[in-house]
**Q** 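Encoded as structure tokens, here's the structure I'll be asking about.
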Amino acid sequence: MRDQIVGTSNAGAVTHATGVKAQAGSFGLDEFGEPVVSRSGKRGVTILEEAIAAGKSTAVINSGFIAEPGTGAFLAEVQSRRDVTTITAQVLESGVDIILGGGEIHYLPAGTVGRFGEAGIRTDGRNLIEEAKAAGYTVIYTKAELQNLPAGTSKVLGIFAAEDTYNDRPEELNKSLGLDNYGQFLPDGTPTDPPTIAEMLAAALPILAANPNGFMVVAEEEGTDNLGNNNNSRGVLDAALRADAALGVAMEFIRNTDPNTLLITAADSEAGGIQVWQPTPFAPALPDTINTALTLPTNPTDSRTFQNPVDGSEGRVTPLTTFQAKPSLDGEMGNFVTAWAGLTDFSGSVVAKTYGMNADLLNSTVDNTEIYQIMYKTLFGMDSLPDYQDGTNDADELVGGDGRDVIVAFGGDDTVAGGLGNDILYGGAGDDLVRGDRNVSDAQNGEPGGDDILYGGAGNDRLFGKAGNDMLYGEAGDDLLIGDDGDDLLWGGLGNDTLIGDNFSGGSGINTFVLAAGQGIDTIVDFHVGRDKIGLAEGLSFSDLFIAQSGSSTLIALDEEILAVVNGVDAHSFSAGSFVNVG
């Protein structure tokens with residue numbers, strides 16, 4: 001178990017963050033608006049958030065604004081990736097140790113002019129920069145401040161631009177504005193000179209590496225994407241070199257400081273569909289300048305084919321200035337120009353690379369969900385993740401094996417059974433039947449079974465813990481929860497639920513029946529005084545309760561709200577010792 005440095009990009013980051021295919025356009029939510037269940041079985045929790053919870057040091061680094069998908073998807077949960085102000089707030093609230101990037105306007109309330117001369121755009125009135133200071137972050141704005149952080153600094157918020165640190169416009173437009181592809185000007189006219197992501201990473205690593213529990217960094221050179229979408233050839237090549245420099249920082253750290261660190265890279269698309277054009281490879285095929293603009297047909301034998309414009313080092317201007325390639329292992333490369341397929345993202349093969357610890361886990365061809373698996377094994381030292389199954393919006397039967405399983409049923413009235421391992425099962429929408437172990441109706445008393453976690457989801461569900469010490473969560477709907485054998489926790493959630501301990505089957509478990517205000521009236525059956533407990537959740541305490549006899553049953557109420565009816569138990573049998581607080 002050690003450290004992780006991840007280079008990623010945009011929409012692919014949602015899958016890299018959770019290990020499962022996710023709905024396009026959202027961060028961490030499925031098509032029903034519910035949190036995605038990650039490959040590890042945790043709902044609404046990314047791998048970076050798991051690292052934070054495990055006490056590892058963490059950082060997100062971006063040359064664009066920090067809410068860009070390459071970093072934002074690892075720490076936010078929103079319906080739309082365009083909800084930048086909410087994502088920015090969630091990144092800050094996540095507990096991540098180091099935040100380095102642009103996007104000052106997304107931290108400041110509307111009308112408040114920031115360090116870089118632009119007014120904030122937040123409509124909630126929050127000043128996240130002041131909140132960061134109050135939370136113990138050292139807030140910095142310049143490369144010099146980044147490279148001269150006081151000794152002992154552990155939490156850093158670095159903001160290096162009003163929005164992006166680069167200028168994602170065509171070269172000729174940037175030139176007309178007096179701008180290069182990176183960096184703007186402060187209100188007094190001095191250049192911002194933002195740090196590169198290599199410089200950001202170099203400053204972050206010594207802070208992160210001080211944690212003996214390990215660390216995880218997610219870094220993105222967003223310029224390769226946005227400059228590509230604006231067909232800025234020189235900007236894209238510059239951004240690629242900056243990304244390469246950051247990889248060099250990471251590789252040097254692994255070689256010279258901590259070899260128990262994995263560097264893994266991944267991206268998601270071909271921004272603009274850039275192509276390098278050189279008629280004769282590895283030879284000077286073009287003069288230094290071309291006096292007339294060129295176009296390249298996609299099919300040179302067909303003059304009717306769409307013509308892709310050629311782009312030079314200074315943009316699409318006349319005379320066109322070519323790029324001069326440096327010599328390679330193949331010899332002299334000569335001059336070249338680029339051509340673009342369009343202004344959008346294009347699908348294509350994405351190259352993933354690894355270096356350092358567990359680098360051999362990357363196969364020659366991988367699905368993007370496997371990036372998560374490699375990261376998870378490195379971070380948490382697990383031999384393997386649970387087996388993962390997901391269903392459809394139809395009525396499915398999903399059954400696990402003898403090992404650990406994560407099963408996620410979506411819509412439809414599903415049957416879900418975990419098998420004999422320690423499983424995590426999600427019913428989803430619909431009226432579902434969820435069984436912790438074998439997909440049979442008996443209680444499995446005395447038979448082996450796993451310690452399972454069952455979630456009903458929306459709908460009127462039936463949950464059976466079966467053998468093992470299980471946790472059953474009915475969630476929304478009028479649910480039936482039966483613990484069966486073992487020490488089980490039963491929490492009905494929203495709705496009028498029926499909670500049954502051992503189901504009168506002779507099981508000897510110690511069961512906890514959980515109540516919370518505003519969640520409906522639960523009926524508790526097979527409660528054993530002196531052995532079982534009533535769990536109190538979400539701020540409920542024993543002193544708040546009113547306990548009274550009703551026929552042969554006991555009513556448990558909060559003011560005039562009846563929380564539960566405990567069948568067949570005398571009210572005088574309950575005392576403070578019958579109750580326990582649960583998280």
**Q** Can you give me the closest heavy-atom contact between G535 and V582, atom names plus distance?
**A**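 Reported closest heavy-atom pair: CA-CG1, 4.1 Å.
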**Q** Donor-acceptor check, side chain of D487 to backbone of G509, threshold 3.5 angstrom: yes or no?
**A**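 It does not hold such a pair.
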**Q** Under a 3.5 Å cutoff, is there a donor and acceptor pairing between the side chains of N229 and D345?
**A**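 Present: a donor and an acceptor within the cut-off.
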**Q** Under 6.0 Å from the NZ atom of K353, do we count more than 12 heavy atoms belonging to anything else shown?
**A**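 Not more than 12 within 6.0 Å, no.
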**Q** I'd like to know if the side chain of D396 reaches the main chain of T392, judged simply by a donor and an acceptor atom lying under 3.5 Å from each other, with no hydrogens or angles considered.
**A**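 Yes, because the side chain of D396 sits within donor-acceptor range (under 3.5 Å) of the backbone of T392.
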**Q** Is a side-chain donor or acceptor of E104 paired with a backbone partner of A162 at a separation under 3.5 angstrom?
**A**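 No.
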**Q** Kindly say whether L398 contributes a backbone atom to a donor-acceptor pair with the side chain of D414 at under 3.5 angstrom?
**A**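 No, because the side chain of D414 does not come within donor-acceptor range (under 3.5 Å) of the backbone of L398.
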**Q** Is there a side-chain contact between L499 and T523 in this structure, where contact means two heavy atoms from C-beta onward sitting under 4.5 Å apart?
**A**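 Sidechains of T523 and L499: no contact.
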**Q** Report yes if some heavy atom in the side chain of I197 is under 4.5 Å from a heavy atom in the side chain of L201; otherwise report no.
**A**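 No; the side chains remain at least 4.5 Å from each other.
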**Q** Using distance alone, with no hydrogens and no angle criterion, decide if Y376 and E50 have a side-chain donor and acceptor under 3.5 Å apart.
**A**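 A donor-acceptor contact under 3.5 Å links the two side chains.
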**Q** So, the side chain of D479 versus the backbone of D461: is there a donor-acceptor pair under 3.5 Å, distance only?
**A**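 The answer is yes, because a donor-acceptor pair under 3.5 Å joins these two groups.
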**Q** Look at the aromatic rings of W491 and Y473 and report parallel, tilted or perpendicular, splitting at 30° and 60°.
**A**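 Correct class here is tilted.
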**Q** For the pair N368 and K21, evaluate side chain to side chain donor-acceptor pair (under 3.5 Å) and give the outcome as yes or no after the intermediate values.
**A** CA-CA 9 Å; N368 58 356; K21 306 289 186 181; 2.6 Å; yes
**Q** Between K466 and D488, does the salt bridge (charged side-chain N to carboxylate O under 4.0 Å, His left out) criterion hold? Intermediate values first, please.
**A** CA-CA 9 Å; K466 315 212 58 188; D488 304 313; over 6 Å; no
**Q** Does any donor atom in the side chain of S63 or E221 lie under 3.5 Å from an acceptor atom in the other side chain?
**A**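 Result is yes, a qualifying pair exists.
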**Q** Donor-acceptor pair, N127 side chain versus I129 backbone, under 3.5 Å?
**A**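 Pair found, side chain donor or acceptor close to backbone of I129.
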**Q** Kindly indicate whether the side chain of R462, heavy atoms from C-beta on, has any atom under 4.5 Å from the side chain of D432.
**A**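 No. Closest side-chain heavy atoms not under 4.5 Å.
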**Q** Rounded to the nearest 0.5 Å, what separation is found between the CG atom of D124 and the OG1 atom of T86?
**A**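 Nearest 0.5 Å value for the CG-OG1 distance: 7.5 Å.
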**Q** Do T15 and T369 have side chains that approach each other closer than 4.5 Å (heavy atoms only, starting at C-beta)?
**A**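 The answer is yes; the side chains approach within 4.5 Å.
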**Q** Please walk me through it: do T88 and L128 pass side chain to side chain contact (heavy atoms under 4.5 Å, CB included)?
**A** CA-CA 9 Å; T88 304; L128 298 185; 3.9 Å; yes
**Q** So do the side chains of V14 and H16 get within less than 4.5 Å of each other, counting heavy atoms only?
**A**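 Contact flag for V14/H16 side chains = no.
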**Q** Output the distance between atom OG1 (T85) and atom CG (L108), rounded to the nearest 0.5 Å.
**A**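 Between T85 OG1 and L108 CG, I get 12.0 Å after rounding to 0.5 Å.
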**Q** Does a donor on one side chain and an acceptor on the other come within less than 3.5 Å for N226 and Y166?
**A**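 Yes.
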**Q** Are any side-chain N or O atoms of N363 and backbone N or O atoms of T365, one a donor and one an acceptor, separated by less than 3.5 Å?
**A**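 A pair under 3.5 Å: no.
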**Q** Taking the side chain as everything from C-beta on, heavy atoms only, tell me whether V217 gets closer than 4.5 Å to L208.
**A**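 Result yes, sub-4.5 Å side-chain heavy-atom pair found.
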**Q** Could you measure the distance from the CG atom of D423 to the CD atom of Q389? Nearest 0.5 Å is fine.
**A**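 Taking CG in D423 and CD in Q389, the distance rounds to 10.0 Å.
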**Q** Could you check whether any side-chain heavy atom of I66 comes within less than 4.5 Å of a side-chain heavy atom of V60, counting everything from C-beta outward?
**A**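 Yes, side chains in contact.
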**Q** Could you report the tightest heavy-atom contact between D478 and N496, atom names first, then the distance?
**A**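 Between these two residues, the closest heavy atoms are OD1-N, 2.8 Å.
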**Q** So which atom in F160 and which in P194 form the shortest heavy-atom distance, rounded to 0.1 Å?
**A**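 In terms of heavy atoms, the two residues are closest at O-CB, 3.9 Å.
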**Q** Which pair of heavy atoms, one from F65 and one from D164, lies closest together, and at what distance?
**A**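 Result for this residue pair: N-OD1, 3.2 Å.
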**Q** Let's go through I52 and V96 carefully: what are the C-alpha distance in whole Å and the side-chain angles of both, what is the deciding distance for side chain to side chain contact (heavy atoms under 4.5 Å, CB included) to 0.1 Å, and is it a yes or a no?
**A** CA-CA 7 Å; I52 293 170; V96 65; 4.2 Å; yes
**Q** Counting only N and O atoms by type, is there a donor-acceptor contact under 3.5 Å from the side chain of N393 to the main-chain atoms of G411?
**A**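 Yes, the answer is positive, given that a donor and an acceptor are paired below the 3.5 Å cut-off.
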**Q** Just do the side chain to side chain donor-acceptor pair (under 3.5 Å) check on E222 and N62 with the steps written out, would you?
**A** CA-CA 7 Å; E222 178 65 21; N62 206 311; 5.0 Å; no
**Q** Taking all heavy atoms of G356 and all of I254, pick out the closest pair and write down the distance.
**A**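 Heavy-atom minimum between the residues: CA-CG2, 3.9 Å.
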**Q** Regarding K56 and the six-membered ring of F215, is the cationic atom NZ or CZ under 6.0 Å from the ring centre and inside 45° of its axis?
**A**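 Output no; distance or angle outside limits.
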**Q** Is D83 reaching over with its side chain to a backbone N or O of Q79, donor-acceptor style, under 3.5 angstrom?
**A**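 Such a contact is absent between D83 side chain and Q79 backbone.
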**Q** Starting from the C-alpha separation in whole Å, work towards a yes-or-no answer on side chain to side chain contact (heavy atoms under 4.5 Å, CB included) for M216 and L379.
**A** CA-CA 8 Å; M216 181 175 181; L379 275 176; 3.4 Å; yes
**Q** Starting from the C-alpha separation in whole Å, work towards a yes-or-no answer on side chain to side chain contact (heavy atoms under 4.5 Å, CB included) for V20 and Y372.
**A** CA-CA 9 Å; V20 298; Y372 174 97; over 6 Å; no
**Q** Taking E475 first and then R43, would you say they form a salt bridge - that is, a charged N and a carboxylate O separated by under 4.0 Å?
**A**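 Salt bridge: yes.
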**Q** Kindly compute the distance separating NE2 (H106) from CD (E163), expressed to the nearest 0.5 Å.
**A**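 H106 atom NE2 to E163 atom CD measures 4.0 Å (nearest 0.5 Å).
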**Q** Working to the nearest 0.5 angstrom, can you tell me the gap between S38 OG and Y388 OH?
**A**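 Interatomic distance, S38 OG to Y388 OH, rounded to 0.5 Å: 7.5 Å.
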**Q** Rounded at 0.5 Å granularity, tell me how far CD1 in I374 sits from CG in L361.
**A**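 Spacing of CD1 (I374) from CG (L361) equals 5.5 Å.
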**Q** State whether the side chain of N358 and the backbone N or O of T261 hold a donor-acceptor pair below 3.5 Å, judged by distance alone.
**A**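 Flag not set: sc N358 to bb T261 has no pair under 3.5 Å.
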**Q** Which heavy-atom pair separates G465 from L472 by the least distance, and what is that distance?
**A**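 For G465 versus L472, the nearest heavy atoms are N-CD2, 3.7 Å.
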**Q** Would R126 and E93 count as a salt bridge (charged side-chain N to carboxylate O under 4.0 Å, His left out) if you check the C-alpha gap in whole Å, the side-chain angles of each, and the deciding distance to 0.1 Å?
**A** CA-CA 13 Å; R126 296 176 63 181; E93 294 161 353; 2.7 Å; yes
**Q** Are the charged groups of D390 and R39 less than 4.0 angstrom apart, N to O?
**A**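 No, this pair does not count.
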**Q** With a 4.5 Å heavy-atom cut-off, do E397 and N439 have their side chains touching?
**A**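 With C-beta onward as the side chain, the pair touches.
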